[in-house]
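Hydrogens, waters and symmetry mates play no part in the numbers below; they use all other heavy atoms, side chains included. Naming: A, B, ... by sequence-line order, numbering from 1 per chain. All values derive from a computational prediction rather than experimental measurement.
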Number of protein chains: 2
Amino acid sequence: MYDKGISLAVIKRLPRYYRYLGDLLENDVVRISSKELSEKMNVTASQIRQDLNNFGGFGQQGYGYNVEYLHGEIGKILGLDKKYNVIIIGAGNLGQAIANYPDFERRGFVISRIFDVNPKLIGMSIRGVEICDVDGLEDYVRNNYVHIAALTVPKAKAAQLAGDLAEWGVKGIWNFAPIDFHLPKGVVVETVHLSDSLMRLSYSIKAMEEAGGAN
Amino acid sequence: MYDKGISLAVIKRLPRYYRYLGDLLENDVVRISSKELSEKMNVTASQIRQDLNNFGGFGQQGYGYNVEYLHGEIGKILGLDKKYNVIIIGAGNLGQAIANYPDFERRGFVISRIFDVNPKLIGMSIRGVEICDVDGLEDYVRNNYVHIAALTVPKAKAAQLAGDLAEWGVKGIWNFAPIDFHLPKGVVVETVHLSDSLMRLSYSIKAMEEAGGAN
């Protein structure tokens, strides 16, 4: 494996490389130099060379990178050559948005079940995936290998639920509640903090208005 | 102002402080030491003292921090003592999820309009906010001070739309499409990269399974 001893900072940048290379692939670009890629991605060419050297380079001096190969290799490092069994807990707008996101399935994230407490939603389906009563959640998780549970439930319920899911055997939690979990070893958590993101935006707007005196 | 010359890393951590202090406030905690806060937040006490010293400290040696005061001051730094006029472009599941998120309005982000192209959605409203035809978007933005446009449109439309919004006078773009924008000065962008987040999760699950040999 490539990825022994690679810094978290590099790992965090890989999805972005993967995304840019995917866009190039879609536009039938075969090769790209670190200089061209750096202009697109707005990072330095030396940063790119350094990052990609962590994985054995992939590039040939003077020829640039083979886009398809590099895309595939980064995909493997990210684990995108595998299939993941994903469940969604919470069939509200956000849960439905995730269920409807076609790119996820294309990258191997296969949604097998959606769970909710709302009797009006139970029994319906989204893109062919049934919305089930959350009462059956424990049974399902204990009897199926669930890689990822996407949690789109209210904050008040999220911590307890995450703890239960970890105990029942879920490997990863994709959390959308504005809360950080402290879970046992053997479970990984990735949180999308929407409100933190919005606060960074208000900070930037405020800073910009104060600097420029605009309006 | 406090925030001259403060590193971006500290600024990025502020929403998380704000969130934890808000939780403490809700639980009627009046004072907290950097040690207690560090245990909750899973960062070192010295990191906390160092971060908060950037803003004049707020703490008294031996007495800890006044939670309400600190929460309020960090809120001001983040610009949360102001009101923001927010529009949402894209009334699909994700746009509706944002429109339905009650915390945003409580923090001063007031949604004034939602825009969409879908005739089935136009004329409906979400929490009292009307969904309007996107044909009226330019007029609205040119004639109103729009702080933030939340973009929940397909990737193919996002770049053009962001450029137009910038030209028409929007100050900040809260982007949910998997794309990075290069916009002129005077507009700030904050992107929520859902798929990057999911890829970091698959990486972590893969790394964990390989390390532990689980399954």
Taken to the nearest 0.5 Å, the spacing of A:Asp196 CG from B:Arg13 CZ works out to 13.0 Å

I'd like to verify something: which residue of A:Ile148, A:Asp103, A:Ile179, A:Ile98 has the highest number of heavy-atom pairs under 4.5 Å with chain B? A:Ile148

Closest approach of B:Arg19 and A:Pro178, non-hydrogen atoms and distance? CD-O, 3.6 Å

Top contributor to chain B interface from A:Phe104, A:Tyr18, A:Phe109 [non-hydrogen pairs under 4.5 Å]: A:Phe109

Heavy atoms of B:Ile205 and A:Val188 approach each other most closely as CG1-CG2, 3.6 Å

Can you tell which of B:Ser197, B:Ser204, B:Gly172 has the highest number of heavy-atom pairs within less than 4.5 Å of chain A? B:Ser197

Please name the pair of heavy atoms, one in B:Met208 and one in A:Lys171, separated by the smallest distance, quoted to 0.1 Å. CE-O, 3.7 Å

Nearest heavy-atom neighbours spanning A:Trp174 and B:Leu194: CZ2-O, 3.3 Å

Surrounding CD of A:Glu138 (heavy atoms of other residues, nucleotides or ligands, distance under 6.0 Å), is the total greater than 12? yes

Would you call A:Lys155 and B:Asp23 a salt bridge, using N to O less than 4.0 angstrom? yes

Just wondering, are more than 12 heavy atoms of other shown residues or ligands nearer than 6.0 Å to CD in A:Gln47? yes

Shortest non-hydrogen separation from A:Pro15 to B:Arg200 and the atoms involved: CG-CG, 4.0 Å

What part of A:Val86 gets closer than 4.5 Å to chain B, counting heavy atoms only: side chain, backbone, both or neither? neither

Begin from the C-alpha positions of B:Tyr203 and A:Ile11 and carry the test side chain to side chain contact (heavy atoms under 4.5 Å, CB included) through to its verdict. CA-CA 8 Å; B:Tyr203 171 82; A:Ile11 297 298; 3.4 Å; yes

Quick one: does B:Asn93's side chain get under 4.5 Å of A:Leu94's, heavy atoms only? no

Using 0.5 Å steps for rounding, measure from the CG atom of A:Leu78 to the CE atom of B:Met199. 6.5 Å

I'd like to know if the side chain of A:His193 pairs up with that of B:Arg16 as donor and acceptor (distance under 3.5 Å, no hydrogens or angles considered). no

Side chain to side chain contact (heavy atoms under 4.5 Å, CB included) between B:His182 and A:Asn42: does it pass, once the steps are laid out? CA-CA 9 Å; B:His182 306 292; A:Asn42 211 14; 4.0 Å; yes

Are a donor atom and an acceptor atom from the side chains of A:Asp180 and B:Tyr20 found within less than 3.5 Å of each other? yes

Any idea which of B:Ala97, B:Ser202, B:Gly79 has the most non-hydrogen atom pairs under 4.5 angstrom with chain A? B:Ser202

Quick check: does any side chain N or O of B:Lys206 sit under 3.5 Å from a backbone N or O of A:Ile77, one acting as donor and the other as acceptor? yes

Non-hydrogen atoms of chain B under 4.5 Å away: do they reach the side chain of A:Lys40, the backbone, both or neither? backbone

